[in-house]
Amino acid sequence: MELGSTMRHVLVTGGAGYVGSHACRMLAKCGYKPITIDNLSTGHRWAVRWGPLIVGDIADHRLLVDVIAKYRPVAVMHFAALSLVGESGTQPARYYDNNVAGTITLLQAMQQGGVNRFIFSSTCATYGQVEHCPIAETAPQVPINTYGRSKLMVETILRDFVSAHGLNATALRYFNAAGAAAEDGIGEAHQPETHLIPLVIGAALGQRGPIGIFGDDYATPDGTCLRDYVHVNDLATAHVLALERSAAQDGFSAINLGTGRPYSVLEVLAAVGLRAGCPVPRKIAPRRAGDPAALYADPHLAREMLGWTARESDLNKIVDSAWAWHAAPMEGRDRMEVRLAV
Ligand SMILES: NC(=O)c1ccc[n+]([C@@H]2O[C@H](COP(=O)([O-])OP(=O)(O)OC[C@H]3O[C@@H](n4cnc5c(N)ncnc54)[C@H](O)[C@@H]3O)[C@@H](O)[C@H]2O)c1
């Protein structure tokens, strides 16, 4: 039997990571079989539960060609990337090599294997310091860090592959991914963790010291920064919708994935405090360079093009699911690995 002929395989790079593993779960729920390629540089073996894991690197052209020939995926979802903003500034070659050169190798292997549909994990970091919120897809893209520039470069490359080779590409620009599918044993386990919600939960659980609030004198209702948190399950749903749309639509599309309803740092602390049953230990610290007061999406295009709205992204729902994940017994996960992550 030809593997690719009866099952709808989707090649998922970075499927052992946070967002990628939730996308694999959603793909399986929707009748697809995710085939993960991951070098486990930041991902976890335990997070790959809905299809095979091929441990390897997207820089390995031969491996990619062989995997594509074996599984004949209908599309590629490309999550694999390095994504620590601070690190990207001190190791630019590593970031451009992994995120940009790696993506070119992947696109070439797809071309060779006759795979045409590509869903890319882009980011609101491609917009940089915005003048105006909510941010529409037409806003200028002027990233202020190496990570954001690496993602914008990939968007540019995708546009060129679309016009030169007829690639069908969707760039999904996520805002702040958060939450977990704890009931299915996956959640956020970055190491180091830089995202607010897991850090606040770690502080509430006594796994770290007080949470630093970087600036409480911004021009926002409570003085702290506003961000657009979107549940990782909502992101996963958007990926499946983008995949299905790509069967009928050609060309390049860039679509924001956010709620358009931002929450402040203090609102996040309050939601976690409510869940914990006591206030989260905190300390006020100076503003950080490059942190805009507000960053949130205009989500209309996602609704129009994908029929997507964020259904699970209410802050209390996000916090409850993340709490369930972080407070759960660590069966099946590498205890050391997860402890270090919080
Ligand atoms: N988490 C967020 O809030 C967020 C926001 C915007 C965009 N993104 C983007 O979404 C994607 C997923 O983010 P995440 O938070 O799940 O990150 P993650 O670090 O948890 O997942 C990335 C995965 O890619 C793998 N990987 C990295 N380089 C690879 C390579 N060269 N070959 C094979 N595998 C490789 C890692 O091992 C990891 O499993 C990234 O592209 C990130 O830039 C994330």
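Every number for a ligand or one of its atoms is a count from 1 in the order of the listing.
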Peer 1: Would you say His195 contacts ligand 1, with heavy atoms under 4.0 Å as the rule?
Peer 2: yes

Peer 1: Just checking Tyr174 against His239, ring centres under 6.0 Å apart?
Peer 2: yes

Peer 1: Below 3.5 Å, N or O to N or O, backbone or side chain included: is there any such pair between Thr123 and ligand 1?
Peer 2: no

Peer 1: With heavy atoms only and a cut-off of under 4.0 Å, state how Asn98 meets ligand 1: side chain, backbone, both or neither.
Peer 2: side chain

Peer 1: As an exercise, identify every atom of ligand 1 less than 4.0 angstrom from a heavy atom of Phe79.
Peer 2: 11 (C), 12 (C), 40 (C), 41 (O)

Peer 1: What is the closest protein heavy atom to atom 20 (O) of ligand 1, and at what distance does it sit?
Peer 2: Tyr18 N, 2.9 Å

Peer 1: Looking at Lys70 and Asp66, is there a salt bridge between them, counting it only when a charged N and a carboxylate O are closer than 4.0 Å?
Peer 2: no

Peer 1: Under 4.0 Å from a heavy atom of Ala81: give me the atoms of ligand 1 that qualify, with their elements.
Peer 2: 22 (C), 24 (O), 27 (C), 28 (N), 40 (C), 41 (O)

Peer 1: Using a heavy-atom cut-off of under 4.0 Å, does the side chain or the backbone of His190 touch ligand 1, or both, or neither?
Peer 2: side chain

Peer 1: Quick check: does any side chain N or O of Arg25 sit under 3.5 Å from a backbone N or O of Trp50, one acting as donor and the other as acceptor?
Peer 2: no

Peer 1: Out of Thr123, Asn256, Leu235, which residue meets the side chain to side chain contact (heavy atoms under 4.5 Å, CB included) rule with Phe175?
Peer 2: Asn256

Peer 1: Does any donor atom in the side chain of His326 or Gln207 lie under 3.5 Å from an acceptor atom in the other side chain?
Peer 2: no

Peer 1: Please confirm whether Gly102 comes under 4.0 Å of ligand 1, counting heavy atoms of the residue only.
Peer 2: no

Peer 1: Could you state the interatomic distance from CE (Met110) to CZ (Phe161), rounded to the nearest 0.5 Å?
Peer 2: 9.5 Å

Peer 1: Under 3.5 Å, side chain of Asn168 to main-chain N/O of Gln249, donor-acceptor pair present?
Peer 2: yes

Peer 1: Give the residue, atom name and distance (to 0.1 Å) of the protein heavy atom nearest atom 32 (N) of ligand 1.
Peer 2: Ile58 N, 3.1 Å

Peer 1: Count the heavy atoms of every other residue, nucleotide or ligand shown that sit under 6.0 Å from CZ of Arg311, and state whether that count exceeds 12.
Peer 2: no

Peer 1: Crowded around Glu183 CD? As in, over 12 foreign heavy atoms under 6.0 Å?
Peer 2: yes

Peer 1: Taking the six-membered ring of Tyr263 as reference, does the NZ or CZ atom of Arg261 fall below 6.0 Å from its centre and within a 45° cone about the axis?
Peer 2: yes

Peer 1: Would you please classify the geometry between the Trp325 ring and the Trp46 ring as parallel, tilted or perpendicular, with 30° and 60° separating the classes?
Peer 2: tilted

Peer 1: Using only heavy-atom distances, determine whether the side chains of Thr13 and His78 contain a donor-acceptor pair under 3.5 Å.
Peer 2: yes

Peer 1: Can you pull out the closest protein heavy atom to atom 42 (C) of ligand 1? Residue, atom name and distance to 0.1 Å, please.
Peer 2: Tyr147 OH, 3.5 Å

Peer 1: Judged by modelled atom types alone, do Asn145 and Tyr95 share a side-chain donor-acceptor pair under 3.5 Å?
Peer 2: no

Peer 1: Record the part of Leu82 in heavy-atom contact with ligand 1 below 4.0 Å; permitted values are side chain, backbone, both and neither.
Peer 2: neither

Peer 1: Where's the contact between Ser122 and ligand 1, heavy-atom distance under 4.0 Å: side chain, backbone, both or neither?
Peer 2: backbone

Peer 1: Is Ser21 in contact with ligand 1, taking contact as a heavy-atom separation below 4.0 Å?
Peer 2: no

Peer 1: Out of Thr42, Leu64, Val230, Asn176, whose heavy atom is nearest to atom 19 (O) of ligand 1?
Peer 2: Thr42

Peer 1: Using distance alone, decide if ligand 1 has a nitrogen or oxygen within less than 3.5 Å of any nitrogen or oxygen in Gly43.
Peer 2: yes

Peer 1: What protein heavy atom sits nearest atom 21 (O) of ligand 1, and how far away is it?
Peer 2: Gly17 CA, 3.4 Å

Peer 1: Is the shortest N/O to N/O distance between His44 and ligand 1 below 3.5 Å?
Peer 2: no

Peer 1: For a 4.5 angstrom cut-off between non-hydrogen side-chain atoms, does Gln129 reach Val142?
Peer 2: no

Peer 1: Using a 4.0 Å cutoff against the non-hydrogen atoms of Gly14, which atoms of ligand 1 qualify?
Peer 2: 23 (C), 24 (O), 25 (C)

Peer 1: Heavy atoms only: which of Leu63, Leu40, Asn39, Thr13 is nearest to atom 33 (C) of ligand 1?
Peer 2: Asn39

Peer 1: Hey, is Ala80 touching ligand 1 through its side chain, its backbone, both or neither, going by heavy atoms under 4.0 Å?
Peer 2: both

Peer 1: For the side chain of Asp57 and the backbone of Asn39, is there at least one donor-acceptor N/O pair under 3.5 Å apart?
Peer 2: no

Peer 1: When you measure from atom 39 (O) of ligand 1 to every protein heavy atom, which one gives the shortest distance, and what is it?
Peer 2: Asp38 OD2, 2.5 Å

Peer 1: Backbone, side chain, both or neither: what part of Lys151 comes under 4.0 angstrom of ligand 1, heavy atoms only?
Peer 2: side chain

Peer 1: Nearest heavy atom to atom 8 (N) of ligand 1 wins, so pick from Tyr174, Tyr229, Phe175.
Peer 2: Tyr174

Peer 1: Quick check: does Val19 get an N/O under 3.5 Å from an N/O on ligand 1?
Peer 2: yes

Peer 1: With respect to His78, determine whether any N or O atom, backbone or side chain, lies less than 3.5 Å from an N or O atom of ligand 1.
Peer 2: no

Peer 1: Geometry only, no angles: is Ala59 polar-contacting ligand 1 at N/O separations under 3.5 Å?
Peer 2: no

Peer 1: So, taking the atom named CG in Leu84 and the one named CD in Gln91, what distance separates them when rounded to the nearest 0.5 Å?
Peer 2: 9.0 Å

Peer 1: Using a 4.0 Å cut-off to any heavy atom of Ala177, which atoms of ligand 1 qualify?
Peer 2: 1 (N), 2 (C), 3 (O)

